[in-house]
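Just so we're on the same page: letters track the sequence lines, and every chain starts at 1. Below, each value reflects all heavy atoms present in this structure, side chains not excepted, and no hydrogens, waters or symmetry copies.
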Amino acid sequence: MKKFTYEIKDQLGIHARPAGMLVKEAKKFESSIVIRKEEKESGATKLMALMGLGVKCGDKIEVEISGPDEEQAFEEMQSFFSENL
Amino acid sequence: MQKLQGKAVCRGIVMGPVSVLRKEEQQVKRRRITDADAEILRFTESVEQSKLQLVELYDKAVMQAGESGAAIFEVHRMMLEDEDYLDAIHSMIRTEMVNAEYAAAVTGDNFSEMFAGMDDAYMKARAADVKDISERLVRNLKGEIETGLLYREPSVIVADDLSPSETIQMEKENILGFVTVHGSTNSHTAILARMMNIPALIGVQVDLEQLHTGMTALVDAFSEEVIFEPSEEMRKKAEEKIRGEQEKLLMLQSLKGQQNITSDGHKIDIYANIGSVSDVGYVLENDAGGIGLFRSEFLYLGRNDFPTEEEQFLAYRQVLQTMAGKKVVIRTLDIGADKKVDYFGLENEANPAMGYRAIRICLKRPDIFKTQLRALWRAAVYGNLSVMYPMITSVEEVENIRAVTEEIKGDLDREGIPYQVPEQGIMIETPAAVMVSDELAELVDFFSIGTNDLTQYTLAIDRQNEQIEEFYNPHHKGILRMIRMVVDNAHKAGKWVGICGELGADTELTETFIRMGVDELSVAPAMVLKVRKKVRPCKALD
């Protein structure tokens with residue numbers, strides 16, 4: 001299992017469009033990817049639950065990845081967040 | 001006759017038959033089923049059908065409203081692929097042995113309530129999207145086609161609210177205008193209306209039951225009112241106004257896409273002056289090359305406290321993104337004792353035009369100034385921003401401004417917030433600034449000549465005072481010589497210079513300005529094509 005934390009820089013937070021992109025990205029991997037904000041969490045492949053986390057600009061989220069391709073997923077999710085959110 | 005006020009999200013004036021859009025609350029009956037697998041299969045087919053429809057809607061929206069207006073339909077399609085949403089419907093069908101219509105409707109309501117309960121305005125508005133997709137599913141399950149949206153004649157659509165799919169599916173040629181009871185300026189409908197340039201009023205307290213299709217509505221989104229069954233006299237007046245608008249349009253349409261180039265090949269930029277985010281539509285509609293003066297006062301007026309950095313940032317960013325790389329010159333706060341805002345706590349002054357206003361407030365109250373500058377610096381990342389400071393009289397003021405901008409730059413660096421330093425210029429609107437324009441030109445990136453104040457200060461004439469009207473001559477040689485001096489000094493320092501006052505749109509002077517070498521004229525959006533028309537036959541050189 002691998003983890004990283006990320007502070008959201010996009011002014012709108014995880015709004016509809018980037019949430020959609022995140023879902024697409026997360027579906028590329030076999031590993032399960034969980035996004036956690038404080039006590040709430042959502043699978044990264046679940047669009048509405050992800051939006052439902054209400055992640056805003058400046059929020060710190062934790063991304064937890066576990067599965068056979070977690071190394072690669074870890075790398076790519078990190079660059080996805082820094083490029084898009 | 002019934003006259004009602006609303007809020008214009010897209011301006012214009014239209015008159016025509018009313019078409020009332022009553023959403024039949026989809027009657028979804030709960031039915032017991034016996035074969036859950038068959039029901040789930042039926043549901044899956046309706047999901048696939050819905051997705052195909054959304055792809056079509058997306059393509060249609062791209063054509064009518066552009067990529068960004070269409071994005072919502074891509075989000076809708078992805079919502080239809082949402083695991084939780086689909087799982088909830090599947091499991092309801094299986095465990096309760098109910099029909100797919102019912103399961104989809106109930107699940108849609110649950111998810112939409114989740115969004116409605118969120119504390120963020122943006123997320124709250126997504127409740128309507130979830131409703132929209134659930135209704136689509138139910139409609140497809142029932143084998144209904146989307147009806148009631150096709151109008152045989154151009155009509156004014158009156159509804160409680162409109163979903164994005166409803167808005168985009170209407171044939172644009174047959175929509176004269178929109179009038180809705182609900183909706184926000186943030187809603188997709190408002191955005192789409194603006195992008196399609198259809199006059200629209202929201203927040204109109206009309207009782208839909210009292211209206212019927214075929215009544216006449218006059219939508220005047222300039223004065224923000226709608227009149228149902230207007231009197232003969234009102235109709236006549238409106239028809240005249242509408243004809244006037246149309247004639248103007250037709251005459252100028254042919255100039256769209258043309259260059260602002262004189263007959264001897266000299267080019268000049270024609271930009272637009274605007275005062276609110278919603279005016280951006282007019283800028284694009286009138287084919288302006290950019291925004292030459294965006295008055296930022298709208299952010300401060302009509303409220304009880306200062307706008308936050310975040311609010312300002314979002315407004316600036318929206319404009320920059322909509323203008324997609326075209327130049328946007330935003331003027332910093334120009335409020336003073338004549339444009340009063342209570343929370344600034346300004347005192348009454350005997351001579352407000354020469355009083356505590358604009359940059360003078362900003363330099364004495366750096367807290368207000370810094371908030372605006374930070375928002376601007378942050379927004380600059382998203383487009384082609386220039387910032388312009390009003391009411392400059394001296395080199396010292398520009399140096400003081402620079403000290404503040406250096407300070408916020410350092411702060412943003414420390415906080416790790418992304419920003420970009422925009423191009424910065426000043427308004428030349430005081431005779432003092434004209435006289436030291438050679439020195440000022442070394443310190444800034446551009447000049448924009450504000451002829452309204454410059455004329456008032458130079459001729460010592462208050463334009464509001466009717467008694468001295470005969471002495472007011474905007475073409476006074478003194479003014480024109482000043483403009484020439486400013487242009488020459490800017491060019492000597494290699495800087496560009498524009499005119500953003502009323503004189504910029506004075507077509508009697510267009511040729512004069514071109515010959516002086518003015519690089520840009522910024523005029524009201526409706527004047528852009530008129531000035532272009534004037535430019536084309538001009539000669540820059542004898």
Colleague: Which bit of I417(B) is near chain A, if near means a heavy-atom gap under 4.5 Å: side chain, backbone, both or neither?
Modeller: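 For I417(B), neither part sits under 4.5 Å from chain A.
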Colleague: Please check: side-chain N/O of S46(B) versus main-chain N/O of L141(B), any donor-acceptor pairing under 3.5 Å?
Modeller: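 Such a contact is absent between S46(B) side chain and L141(B) backbone.
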Colleague: Flag the pair R378(B) and E309(B) as a salt bridge only when some basic side-chain nitrogen lies within less than 4.0 angstrom of an acidic carboxylate oxygen.
Modeller: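 Yes, this pair counts.
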Colleague: Under 3.5 Å, side chain of Q372(B) to main-chain N/O of F369(B), donor-acceptor pair present?
Modeller: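 It does not hold such a pair.
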Colleague: Exactly one of L314(B), V319(B), T322(B) should register a side-chain contact (heavy atoms from CB on, under 4.5 Å) with V277(B). Which one does?
Modeller: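 It is V319(B); the other options fail the test.
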Colleague: Report yes if the side chains of D413(B) and Y419(B) come closer than 4.5 Å at any heavy-atom pair, otherwise no.
Modeller: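 They are in side-chain contact.
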Colleague: Among residues 82-91 of chain B, which ones touch chain A with a heavy-atom distance under 4.5 Å?
Modeller: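 Result: D82(B), E83(B), D84(B), Y85(B).
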Colleague: Which atoms of M123(B) are under 4.5 Å from chain A, going by heavy atoms: the side chain, the backbone, both sets, or neither?
Modeller: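 Side chain of M123(B) only, per the 4.5 Å heavy-atom cut-off to chain A.
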Colleague: Using a strict cut-off of less than 4.0 Å between a Lys/Arg side-chain nitrogen and an Asp/Glu carboxylate oxygen, indicate whether E81(B) and R77(B) qualify as a salt bridge.
Modeller: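 Looking at E81(B) and R77(B), the cut-off is met.
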Colleague: So which of K9(A), H15(A), K24(A) has the biggest tally of heavy-atom pairs under 4.5 Å with chain B?
Modeller: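 Answer, by heavy-atom pair count under 4.5 Å with chain B: H15(A).
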Colleague: For D59(A), is there an ion pair with K56(A) - N to carboxylate O distance below 4.0 angstrom?
Modeller: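 Result for this pair is no, no salt bridge flagged.
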Colleague: Does NZ belonging to K131(B) count more than 12 external heavy atoms closer than 6.0 Å?
Modeller: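 No, the 6.0 Å shell around NZ holds no more than 12 heavy atoms from other groups.
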Colleague: Please flag which part of M78(B) lies under 4.5 Å from any non-hydrogen atom of chain A: side chain, backbone, both or neither.
Modeller: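 M78(B) touches chain A through backbone and side-chain heavy atoms alike.
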